[in-house]
Amino acid sequence: MRSVRGRLFGMLLLFIILPYFLSVFIIYNNTKTSVEEHEMKTSLEEMRESGAVLERYFDDMTSVPYALYNDPDVLRVFEQGLKGEQVQPFERSMKIFTVTRPEIRQLRIYFDRGQEAMTVYRSKFSAPKVQEDYLQQTPFDKLYQSSENYVIERPHVIENANNAAIIPESDRTKVLTIHHKVSNVLTGEFLGFFSMDIEMSSYSSLIHHLSDTGEARVALVDEHDTIMYSNSPDKMSETYKGEKSSEELILTENLDGNLEGWKLVKIISKDALFKDVNEAAYTNIVLGVGVVVLGIIMVVIISHIITKPITNLSEKVRSIEGGNMDIDFTTSRKDELGHLEDHMDDMLDRINQHIDREYKLEIESQRNQFRALRSQVNPHFLFNALQTIGAVALRSSAKDVYKLIISLSKMMRYSLHADQWVTVQDELNYIQAYLSLQKERFGEGVHAEIEMEEEILSASIPSMILQPLVENYFKHSYEEGYDDSSLKITGKRDRNSILFLIKNTGASLSEEELQRIKASVYAKGSPKSFQDKGIGLKNIYDRLQLNFNDQVSFHIDTMEGMGFKVTMRLPFLRDR
């Protein structure tokens, strides 16, 4: 049954909390979608513009050498080699070229005529050096065999390939190198190579602005998936793998012209992209939590003012259902609830009066029945009768009969203490009386031995926990023809425990029978019938568990086909 307070919380959840957080969730998702679409549109437009600028820039840089070829002074040197009066005009033309192109950090020139190479570094010229293996070096060997006129090498730290003294060792500028093959336009004759080391900063500025505040990663990738530029320095010159991730937004712009096959890549972390959206959602959630807290406070206040009396009245009614009829419905309220409690108080008084009358009549009736039953069977009458019979037997000189009657009288008197606590000595006295009767029945050949330490005789134990084992001995030994069997009961103190060991050398059990009896004894619940084997053992075990819980141990075993034994360990108690 749902309480009024529970219904108020349910209404708060259904009509305020759920709609609010559902609206926050919907707005959050719509805003994320809108921000992602806007970012994609804006970034693609910027990448398209930057791609066009990059295409023009590299078109210009790859066509720069052609302007040099049109200079007669430069072409003459390539055709005839560095010699005589041709050198000075050549150097002048190259100096003008390097001054007008400050982004070119280094020029390396190879003249096939004479197999000489030289370097131009910041308008400074190195002395020509003969390099006969120039065509075997990478990447000139492939470019020489290729139909292409140029090749772009991946970014690297500037190199002093010709070992020119004009290049300082401290220069660690990152450059991108364009190697040109110089040929005679008319004859197609190979004349040499023209390599330009372009400072990477000259074209990185055309890309870097795409990273916005630096939270996005941008890269320029060539047709071989080599990263020619990245705003993450550790990614430079690596191979672009193009993995897709659910945590990132990846945009790509393919380039044309001399950069055909190249592409611009922009990778935006969704955490950074949705940062503002997440902050707004967090703010709304905090506000929502505030609304929930205020709602709970409101429900508690309403519950205390309005529903608390109803809850108290309901608890009183439940107490009556549980049998507690002494409930005070007195109230000072003057409203409908007060009127209801007054009427319930009157009704409860009438019910209590009726119950008292009926209960007293029932008790008196039961007492009369008990008196009648008790008068029918009076234990004292039985004891007196046995004493009278014993006296007659004694007068008739039947001393053995007298002893048997006395033993039976002791046993009957002891049986009245069933399910009570007795001393070990009391239990032994009962067993001695039982043995005296059985010896009269089976003769003096009954072999029963009892050894008990003096210290445990005054200890308290539940009654009738040893006698059933003695009874089992006679039932499964003497009554089944094992006349030579023996019974031995020993008891001693072991620290804070009493250890009882009961052995008989009569009938034994097979392993299968032993396991079946153990299963019956240790099983929870009652046996299926009183004819089940082991019911006496189970009764002992259950009573020990009832009185001592898990402080006892009770083990059943055979003596390798030579009888049966039971070992009991229970706490050492006094004056129970």
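Keep in mind the model is a prediction, meaning the values are calculated, not measured. All residue numbers in this chain count up from 1 along the given sequence.
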> Going by heavy atoms in the side chains, are L435 and F474 under 4.5 Å from each other?
Replying inline: yes
>> For F500, run the side-chain contact (heavy atoms from CB on, under 4.5 Å) check against T567, V566, I456 and tell me which one passes.
In response: I456
> From F548 CZ over to R569 CZ, what is the distance, rounded to the nearest 0.5 angstrom?
Replying inline: 13.5 Å
> Would you call E455-K492 a salt bridge at under 4.0 Å N-O?
Replying inline: no
> Which heavy-atom pair separates M228 from R154 by the least distance, and what is that distance?
Replying inline: CE-CA, 3.5 Å
> Measuring from M464:CE to D426:CG, what's the distance to the nearest 0.5 Å?
Replying inline: 12.5 Å
>> Treating Y229 as the side-chain partner and V221 as the backbone partner, does any N or O pair qualify as donor plus acceptor under 3.5 Å?
In response: no
> Under 3.5 Å, side chain of E453 to main-chain N/O of G491, donor-acceptor pair present?
Replying inline: no
> Would you say the side chain of I498 lies within less than 4.5 Å of the side chain of R493, judging by non-hydrogen atoms?
Replying inline: no
> Strictly by modelled atom types, are S458 and T423 linked by a side-chain donor-acceptor pair under 3.5 Å?
Replying inline: no
>> A side-chain contact here means heavy atoms from C-beta on lying under 4.5 Å apart; do M559 and N504 qualify?
In response: no
>> Using every non-hydrogen atom in the two residues, find where K266 and A216 come nearest and quote the distance to one decimal.
In response: CE-CB, 3.9 Å
> Taking the side chain as C-beta and beyond, is there a heavy-atom pair between I517 and L509 under 4.5 Å?
Replying inline: yes
> CG of L487 to CD1 of I502: how many Å apart, nearest 0.5 Å?
Replying inline: 8.5 Å
>> Measuring only between side-chain heavy atoms, which start at C-beta, is S463 closer than 4.5 Å to Y430?
In response: no
>> Please verify the inter-ring angle class for Y541 with F554; under 30° counts as parallel, over 60° as perpendicular, anything in between as tilted.
In response: tilted
> Do the side chain of R217 and the main chain of S269 share a donor and acceptor less than 3.5 angstrom apart?
Replying inline: no
>> Any non-hydrogen side-chain atom of S460 less than 4.5 Å from a side-chain atom of W421?
In response: yes
> Can a donor-acceptor pair be found between the side chains of K263 and T252 at a distance below 3.5 Å?
Replying inline: no
> Hey, is CG on N496 packed in by over 12 heavy atoms from elsewhere, all under 6.0 Å?
Replying inline: no
> If you draw a 6.0 Å radius around CD in E454, do more than 12 non-hydrogen atoms from other residues or ligands fall strictly inside?
Replying inline: no
> Does a salt bridge link D557 with K518, judged by any charged N lying under 4.0 Å from a carboxylate O?
Replying inline: no
> Measuring from D542:CG to N547:CG, what's the distance to the nearest 0.5 Å?
Replying inline: 11.0 Å
> Just by distance, do the side chain of E37 and the backbone of S34 share a donor-acceptor pair under 3.5 Å?
Replying inline: no
> Side chains of Y240 and T226: closer than 4.5 Å at any heavy-atom pair?
Replying inline: no
> Under a 4.0 Å N-O cut-off, is there an ion pair linking R516 with E512?
Replying inline: yes
> Looking at L537 and F564, what are the two nearest heavy atoms and their distance?
Replying inline: CD1-CZ, 4.0 Å
>> For Y522 versus H555, what's the shortest heavy-atom pair and its separation?
In response: OH-CA, 3.7 Å
> Are any side-chain N or O atoms of E427 and backbone N or O atoms of L466, one a donor and one an acceptor, separated by less than 3.5 Å?
Replying inline: yes
>> Does M562, at its CE atom, have more than 12 non-hydrogen atoms belonging to other residues, nucleotides or ligands within less than 6.0 Å?
In response: no
>> So, taking the atom named CG in L570 and the one named CD1 in I465, what distance separates them when rounded to the nearest 0.5 Å?
In response: 5.5 Å
> Yes or no on side-chain contact (heavy atoms from CB on, under 4.5 Å) for L220 and I227, after CA distance, side-chain angles and deciding distance?
Replying inline: CA-CA 6 Å; L220 176 63; I227 299 176; over 6 Å; no
> What is the minimum heavy-atom distance between S43 and I268, and which atoms define it?
Replying inline: OG-CD1, 4.0 Å
>> Show, in sequence, the C-alpha distance, side-chain angles and deciding distance for V265 and L251, and conclude whether the side-chain contact (heavy atoms from CB on, under 4.5 Å) test is met.
In response: CA-CA 6 Å; V265 180; L251 305 175; over 6 Å; no
> M452 and L457: which non-hydrogen atoms are nearest, and at how many Å?
Replying inline: CB-CD2, 3.9 Å
> Can you check side-chain contact (heavy atoms from CB on, under 4.5 Å) on M568 and L499, steps first, answer last?
Replying inline: CA-CA 6 Å; M568 286 187 288; L499 184 64; over 6 Å; no
> Hey, what do you get for CG (L514) to OG1 (T558), rounding to the nearest 0.5 Å?
Replying inline: 5.5 Å
>> I'd like to check I489 versus V470 (side-chain heavy atoms, cut-off strictly below 4.5 Å). Are they in contact?
In response: yes
